[in-house]
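Okay, structure first, notes after.
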Amino acid sequence: MRFSKTFIPTLKEIPSDASIPSHQLMLRAGLMRQLTAGVYAYLPLGYRAMLKAAQILREEMNAIGGQEFHFPALNPESLWIQTNRRHIPNLILSIKERDLVLAPTHEEVVGWIASMHIQSYKDLPQIWYQIQTKFRNEPRPRSGVLRGRQFIMKDSYSLDATWEGLDERYQMHAEAYRRVFTRCGLDFFVVGASSGAMGGSGSQEFMVDSENGEDTVARCKQCGYAANLEVATSGLKGIGRIGENKPVEEFSTPNVRTIDELAAFLKTSDERLAKSVVYRHGDTPVLILLAGNDQLNESKLTAALGEGPVRPMDAGDLRNLTGADGGSIGPVGLKGFRIVADKRLEGANGLISGANRNDRHLKNIDLTRDVRLDGYFDLRTVASGEPCPQCEAPLTVTNAIEIGHIFKLGTKYSEALGATFLDENGRTQPIIMGSYGIGIERIIACHIEQSHDEHGIIWNKALAPFAVHIIAASMNNKETVLTANQLYRAFSEAGIETLFDDRSSVTAGVKFKDADLLGMPFQIIVGERGLREKKVEMKRRATGERTQVPVDDVLMTLKSLLAEKPALS
RNA sequence: CGGGGCGUGGCGCAGUCCGGCUAGCGCGCUUGGUUCGGGACCAAGAGGCCGGGGGUUCGAAUCCCCCCGCCCCGACCA
């Protein structure tokens, strides 16, 4: 395309609303503009990049037998009431004038179609996918395109007759996703994840390391263990039992509120101090016991307690129910609470915990003797440096951006929607589903996060809006214009996507700056200087390396460079 | 939803505390000329309900009240 006829509004200065590199560059390079919080208009250059990602997705989805659909974004509200997802907090945006909602995902629609037309095990398995705009009632959009209220997603759904089939479809997706992200040139990794409100039996996330990510993951460099902090575990040992088992004894702890204060007061480590944290699970008060100063992990707590909302108990309720304040709560003699403990406390004795009287604690607590527990669960949050659960090497905890998520859903949605089939024995069974998503904008933004410098974007060949950027240094020089035009035509005829900066209104300097900002993999600079020797300059954006190439050889040279396959990771 | 910041030509900002001439600066834009390989120069221009509403005042971008929008931190995150 000719630059002079293409809408590429570049910005010299950094827009004040953008704080992370990908956001700044997507605006500066004219890929997109923000309409309102979390909603972006994609301009020609940005949309081209997104189409590149979408095409890769199509190819890889088709390769595993996926069939492309286009489901409606407008859904009847009733469909979401049927699956009990209408009122999940911060999920659905709705239409005021009708009982319609904007779909945040498409399990419901898939289930609806399947319920009508999948009748026999012979109709299964199926992989249905689409690339479509999703809407979400995001409370706080942020980081440019990384968390928006409207975004484009490749979502696919597998339908199976057996659990083994689901495993197979899930595995196929995992592999397809690896190929997709590899082809996109992303440096990514896979973590075990929580299935959260989606339900289901297993899930993994595809992650990109980034300080600007809002997910936190624990990883082991030695054995490759990786998990979202929501589910990550560590090899930290339980605190076990100690020899003497004295009777429980109350003692005074004036003004002690936190575990650290208690440890300081007692002049001991926090090892045998049991921290009590108080929550509500629906209407049920719950006391959670943790070893020392371990941090409660709410995702794990939610999973352990089962269906229903989980939230911290407010201070007033706590006082009414226990007669004490936060720092003095404990499990012994506590009435009306469900009590759960972290696994590190399994069978422990000799513990110190709150006495349910302000400024008083109890010592010599034996969980097996003194407390009516509802069980031990893994409830703590892993911290950096703790031993890996698989190999004991220290774990590192870092931020990451989620670019894909795969779920084994099971039968939750098919049951709610009546999506069943007849098995070989003529029995009605719910279809076993999986769902799999990849955010298109996130692919683009993550690539830019991973591939830019102080001058601009550095596109890889797979996602670049154009493979080549021809710069006519001067449009006043006949020879330059002629050669640049010839090359542009030759490249185009050879099927090489080319952006030709043919602007006569700006100086060469502006074109060079824009070319670096836009970041196409190869720049071909046509100018008087080189043409005296019948040469043009070829610059690799990634390395800055420049070479003089005879005009007659440029096409061939480019072709071979563009054919180079990136190393598969 | 809690905390913080911001809102002034297309973009980036100053002016707001302490009210006062015609609301400034840089970039961009238009026209003419000179330049022409790393964001050129000269000259002349265009472009503003100072986020919105209400109030105080002789007088409001500036003070007071209400509202809206955007960004950041937290809560939340299919």
Side-chain angles (χ1 to χ4, degrees), chain A residues 9-20 23-24 27-28 30 33-39 80 83-93 101-108 134-144 146-149 151 153 155 193-200 203 205 212-216 228-230 298-299 302 309-312 401-402 405-407 409 412-413 435-437 439 455-456 471-477 480-481 501 503-517 523 525-532 536-537 539 544 546:
Chain A
T10 59
L11 260 23
K12 202 188 295 192
E13 285 174 291
I14 299 171
S16 59
D17 278 350
S19 54
I20 67 170
H23 189 193
Q24 295 173 350
L27 293 170
R28 287 191 56 212
R33 286 295 180 265
Q34 179 173 3
L35 181 61
T36 182
V39 180
W80 291 79
T83 55
N84 206 21
R85 288 213 288 181
R86 174 63 186 95
H87 297 291
I88 292 178
N90 303 329
L91 178 61
I92 292 182
L93 284 168
V101 298
L102 291 165
T105 172
H106 280 82
E107 283 80 11
E108 276 73 4
K134 297 284 190 289
F135 300 88
R136 182 155 181 201
N137 188 16
E138 198 56 61
R140 180 152 98 80
R142 70 186 109 171
S143 305
L146 287 180
R147 182 158 290 275
R149 294 209 167 105
F151 51 94
M153 193 168 168
D155 48 326
S194 151
S195 5
M198 291 293 284
S203 101
E205 289 165 322
N212 296 314
E214 45 189 351
D215 281 283
T216 314
N228 194 305
L229 215 60
E230 291 174 348
E298 287 195 17
S299 306
T302 304
V310 170
R311 60 179 197 283
I401 300 168
E402 177 191 345
H405 201 158
I406 56 180
F407 294 92
L409 290 178
K412 175 175 169 179
Y413 298 95
S435 91
Y436 317 88
H455 303 295
I471 296 165
S474 163
M475 292 300 283
N476 295 325
N477 179 273
T480 301
V481 173
D501 196 340
R503 289 176 294 176
S504 49
S505 56
V506 298
T507 58
V510 171
K511 294 186 181 184
F512 294 139
K513 290 290 183 189
D514 271 348
D516 286 346
L517 175 60
Q523 295 172 16
I525 300 154
V526 185
E528 264 181 277
R529 240 194 238 169
L531 288 180
R532 283 197 284 266
V536 296
E537 184 175 313
K539 175 178 164 183
R546 298 153 184 271

Review point. A:N228 and side chain to side chain donor-acceptor pair (under 3.5 Å): which partner among A:H405, A:E205, A:E402?
Key: A:E205

Exercise for review: Using Watson-Crick or G-U wobble geometry with both distances below 3.5 Å, tell me the partner of B:C49, or none.
Suggested key: none

Exercise for review: Classify the nucleic acid contact of A:P15 as base, sugar-phosphate or nothing, counting any heavy atom under 4.0 Å across all strands shown.
Suggested key: sugar-phosphate

**Study point:** Whole-angstrom distance between B:C77 and B:G5, as gauged at atom C1'
**Key:** 24 Å

Practice item. Apply side chain to side chain contact (heavy atoms under 4.5 Å, CB included) to A:L517 and A:H455, showing your working. Key: CA-CA 6 Å; A:L517 175 60; A:H455 303 295; over 6 Å; no

Review point. So what does A:F151 touch, heavy atoms closer than 4.0 Å: a base, only the sugar-phosphate, or nothing?
Key: base

Point to revise | Pairing partner (Watson-Crick or G-U wobble, both distances under 3.5 angstrom) of B:C77 | key: none

Check your understanding: Given A:T105 and A:R85, is the side chain to side chain contact (heavy atoms under 4.5 Å, CB included) satisfied, shown in steps?
Key -> CA-CA 11 Å; A:T105 172; A:R85 288 213 288 181; 3.6 Å; yes

Point to revise | Euclidean distance for C1', B:C27 against B:C71 (whole angstrom) | key: 23 Å

Check your understanding: Applying a 3.5 Å limit to both distances, which nucleotide forms a Watson-Crick or G-U wobble pair with B:G32?
Key -> B:C42

Exercise for review: Determine, for A:E107 against A:K412, whether the closest basic-nitrogen to carboxylate-oxygen distance falls under 4.0 angstrom.
Suggested key: no

Review point. Between A:E214 and A:L146, is a side chain to side chain contact (heavy atoms under 4.5 Å, CB included) present by the stated rule, with each step listed?
Key: CA-CA 9 Å; A:E214 45 189 351; A:L146 287 180; 5.5 Å; no

**Study point:** Counterpart base for B:C63, defined by Watson-Crick or G-U wobble contacts under 3.5 Å
**Key:** B:G55

Practice item. Would you give the length of the straight line joining atom CZ of A:R149 to atom CG of A:N137, rounded to the nearest 0.5 angstrom? Key: 6.5 Å

Practice item. From the options A:V536, A:D514, A:I525, select the one residue that forms a side chain to side chain contact (heavy atoms under 4.5 Å, CB included) with A:I471. Key: A:I525

Check your understanding: Can you give one letter per nucleotide of nucleotides 35-51 of chain B, 5' to 3': B if a protein heavy atom sits under 4.0 Å from the base, S if only from the sugar-phosphate, - if neither?
Key -> -BBBBB-----------

Point to revise | Strand partner of B:C21, provided both Watson-Crick or wobble distances fall under 3.5 Å | key: none

Check your understanding: Taking atom P in both B:G51 and B:A14, what distance in whole Å separates the two?
Key -> 14 Å

Exercise for review: For the pair A:R136 and A:M153, evaluate side chain to side chain contact (heavy atoms under 4.5 Å, CB included) and give the outcome as yes or no after the intermediate values.
Suggested key: CA-CA 12 Å; A:R136 182 155 181 201; A:M153 193 168 168; over 6 Å; no

Atom pairs under 3.5 Å: protein N/O with N/O of nucleotides 68-75 of chain B:
from  : atom 1 : to     : atom 2 : distance (Å)
B:C70 : OP1    : A:T36  : OG1    : 2.5
B:C70 : OP1    : A:A37  : N      : 2.9
B:C70 : O3'    : A:Q34  : NE2    : 3.4
B:C70 : O2'    : A:D17  : OD1    : 3.3
B:C70 : O2'    : A:D17  : OD2    : 2.6
B:C71 : OP1    : A:Q34  : NE2    : 3.0
B:C72 : OP1    : A:S143 : N      : 3.3
B:C73 : OP2    : A:R140 : NH1    : 3.4
B:C73 : OP2    : A:R140 : NH2    : 3.0
B:C73 : N4     : A:R140 : NE     : 3.4

